[in-house]
Protein chains: 2
Amino acid sequence: MMSSLGSTLFKECMRQQLQNPLTNLPRPVRSAELSVNQWVYQTLRQALLSGQIRPGFALTIRGLADVLGVSSMPVREALQRLGCEGAIEVKDNRRVIVPQMTPARLNELFSLRIVLETHAAEGALAYIREEDVRELERLDAEIDRAYKQGDMELGALSNQAFHRYLYQCHPFQVSVPLIERVWLQLAPFVRIAMEKLQRNYRIDRHQEALKAIRHCNAYALRRAIESDIRDGMASIQAVDGLEQYFSEATQVAVKPRLVRG
Amino acid sequence: MMSSLGSTLFKECMRQQLQNPLTNLPRPVRSAELSVNQWVYQTLRQALLSGQIRPGFALTIRGLADVLGVSSMPVREALQRLGCEGAIEVKDNRRVIVPQMTPARLNELFSLRIVLETHAAEGALAYIREEDVRELERLDAEIDRAYKQGDMELGALSNQAFHRYLYQCHPFQVSVPLIERVWLQLAPFVRIAMEKLQRNYRIDRHQEALKAIRHCNAYALRRAIESDIRDGMASIQAVDGLEQYFSEATQVAVKPRLVRG
DNA sequence: GCCTTTTTTTTGTGATCACAATATCCTTTT
DNA sequence: AAAAGGATATTGTGATCACAAAAAAAAGGC
């Protein structure tokens, strides 16, 4: 009796904890010119990019449609897109989860970031204008402010905005979508690692990058971007007890049911 | 009356010509364990990768569903996926076309290939075993055979298979999906450029790559892959009258209006 | 009590429908 | 005869439904 009740309570607690990230999702206002499909996609994408959905969390079409107040159709299409971007993993038993992380995959993803982003930065350099530098400085200040205030979501998103803005200065850019794909795969894990990082300040090499941009020094810019990414990777890997957040640790958190009336 | 009939005939002819690539599509047999969605996706993807659908060609959901003999639902989801892979372009006026090419984009895409594939090859090198080398040699022979027989589709697909197999030797590979995304964007244009290439033989650096692999020489392997890609790019750019296949040339096949009320 | 089997529920999939927006065709007007 | 306007057809979008597979829950046996 007692153990049964305890188990029920535990499961209920788990369910609550796991449901939270979806019910608390920030919903961007759906403007008229945005289709429901796009809105659902962007909502989920932003939630993943800011690390609000934990790895191993299971998503269901009906559950999401219910929470977001739309029919299943837009959710299906949004999940298709996220799935082919690697943001979510479609398992063979037709269940969709946020992918687990392994040390090897983490390594590979960071290596890819370095390769892609140094290339994108170098390609953009020739097109960066004075006003772009000012915008980058503004974004850099925003990052610092967010992390000083302990707002991890805003910090992560602003940091991505800084990098994205830099790379998109190249007018014929084709690598940003690939870079964002890598971010999408990293974000959920990086987020839970950052939470365990006690320090609420953050070091980045954005000033170094800006200096390289002002001097039009491609090599220095590449180095700054690479160092920026390596620093981030190092601070993630320095987290105490990181190993418990890899693959096996989260498998208890995999929970199929979302809710039903 | 006469002009009306003439116009109708002309349009019918145009329509036929434009529909052809779809009706002649090779349809892989749909095995039981493959969902209709996946089957449609792979069918379209393969058609794009082997360059059977020309840039500027407009795709419609109902049209594809009709040709493939399925309902519109699987087609919609497949188009969503292809769209987010950059294989097709979803225009603001809700029409879907195979993207046009511009010289700048072509350049960027080839640069990305070099960056991504040299990285992937180097990462894979340590994991390549004797049997993998044999498989690569087999694929290389298949490429030669296909091009000798003038089978461009098989040649393109086998060439991709060679590269893919090499990169996938790395067990924790995450870059192959990105590489394939770039291929998807290049393939339709490369195909029409290759058709204009009078020579029906092809030079590649695969033997050079295999030699580097046997010597476990990472630098040489990178150089071989880079040369292989650069050679391909050069032979594309050497095509006479290539400029007519960029953007504007195909605009008759594209719907004129871009803006929306 | 614990494990296996059966029943119930949930979920993904594919089809169909209604609707609004857009494009195409046809008529009318100048 | 050419341009403008309206009528018709086509298209994308989102909702709903039926069905089969799979998971969760319940019942039964050891």
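Below, chains carry the letters A, B, ... as their sequence lines are ordered, and counting in each starts from 1.
- Scored by the side-chain hydrogen bond (donor to acceptor under 3.5 Å, both in side chains) test, E180(A) finds R45(A), R164(A) as partners (sequence neighbours excluded).
- Summarising the geometry, the separation between CH2 on W39(B) and P on dT13(C) is reported as 17 Å, rounded to the nearest angstrom.
- For the salt bridge (charged side-chain N to carboxylate O under 4.0 Å, His left out) condition, the pairs that include at least one residue of residues 181-193 of chain A, sequence neighbours left out, are E153(A)-R191(A), R191(A)-E195(A).
- Distance, R62(A) CZ to dC17(D) P: 12 Å, rounded to whole Å.
- Taking atom CD1 of residue I61(B) and atom C1' of nucleotide dA15(C), one finds them 14 Å apart after rounding to whole Å.
- Relative to the side chain of V36(B), the nucleotides dG14(D), dA18(C), dG14(C) differ in distance, and dG14(C) lies closest.
- The ring pair (Phe, Tyr, Trp, His ring centres under 6.0 Å) check on F110(B) picks up nothing, with sequence neighbours excluded.
- In terms of the side-chain contact (heavy atoms from CB on, under 4.5 Å) criterion, residue partners of A87(A) (sequence neighbours excluded) are, by chain and number, L48(A), L82(A), L184(A).
- Listed by residue number, the members of residues 70-86 of chain B with any heavy atom below 4.0 angstrom from DNA chain C are S71(B), S72(B), M73(B), P74(B).
- With hydrogens and angles left out, the side-chain atoms of E85(A) and Y41(A) include a donor and acceptor closer than 3.5 Å.
- Listed by first and then second residue, the salt bridge (charged side-chain N to carboxylate O under 4.0 Å, His left out) pairs that reach into residues 70-80 of chain A are R76(A)-E77(B), E77(A)-R76(B), sequence neighbours excluded.
- For the pair D66(B) CG and dA15(C) P, the computed distance is 13 Å after rounding to whole Å.
- Atom CG in L68(A) sits about 11 Å away from atom P in dA15(D), given to the nearest Å.
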